[in-house]
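Report on the structure given below.
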Amino acid sequence: MDMVEPTLEMLQALMVRSLDGQADIKRELADMRGLTLLLSDNVERLDRTINEVKHDMHDIKDDIWIMLKA
């Protein structure tokens, strides 16, 4: 069996690929973080809008009851 010893060039190439992969992972994590923050902002905005609509519906319901009683 012929064993091939790793050369410095091979080790360097593996290290570069490993570092490139880590850089890709860091970029992907940064992208995911950004998207998660955007999603969180949108959910908060939607929640506020839903609460405003609920409040408006409650006010309309009260106005209708007053009109029906009159």
Side-chain angles (χ1 to χ4, degrees):
M1 205 184 260
D2 188 18
M3 295 287 292
V4 177
E5 290 190 31
T7 64
L8 288 177
E9 291 84 14
M10 289 173 59
L11 292 173
Q12 183 180 11
L14 287 172
M15 181 184 281
V16 167
R17 281 198 323 206
S18 175
L19 292 174
D20 287 345
Q22 288 177 6
D24 290 342
I25 290 171
K26 286 181 181 179
R27 275 192 297 274
E28 289 178 14
L29 288 174
D31 290 346
M32 286 175 49
R33 182 180 183 275
L35 291 173
T36 302
L37 290 174
L38 284 173
L39 180 60
S40 175
D41 289 344
N42 286 335
V43 168
E44 286 179 21
R45 194 174 316 122
L46 180 60
D47 188 50
R48 283 193 302 270
T49 301
I50 289 171
N51 286 332
E52 289 172 7
V53 169
K54 283 181 179 179
H55 180 75
D56 291 345
M57 289 175 66
H58 182 73
D59 290 346
I60 291 170
K61 183 182 99 179
D62 290 345
D63 291 344
I64 291 172
W65 276 112
I66 291 171
M67 287 173 30
L68 287 173
K69 287 181 181 179

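In this chain, numbering begins with 1 at the start of the sequence shown. Computed over heavy atoms, backbone and side chain alike; hydrogens, waters and symmetry mates excluded.
With sequence neighbours excluded, the residues satisfying side chain to side chain contact (heavy atoms under 4.5 Å, CB included) with Q22 are S18, L19. Qualifying side chain to side chain contact (heavy atoms under 4.5 Å, CB included) partners for I50, counting only residues two or more places apart in sequence or in other chains: L46, K54.
Pairs engaging residues 60-70 under the salt bridge (Lys or Arg N to Asp or Glu O under 4.0 Å) rule: none recorded [sequence neighbours left out]. Note on residues 11-25: pairs passing salt bridge (Lys or Arg N to Asp or Glu O under 4.0 Å), not counting sequence neighbours, are D24-R27.
The side-chain contact (heavy atoms from CB on, under 4.5 Å) test with H55 singles out one residue from V53, D59, N51, and that residue is D59.
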All N/O donor-acceptor pairs, side-chain side in residues 29-45, below 3.5 Å, sequence neighbours left out:
unit_1 : atom_1 : unit_2 : atom_2 : d
T36    : OG1    : M32    : O      : 2.7
N42    : OD1    : R45    : NH1    : 2.9
N42    : ND2    : L38    : O      : 3.4

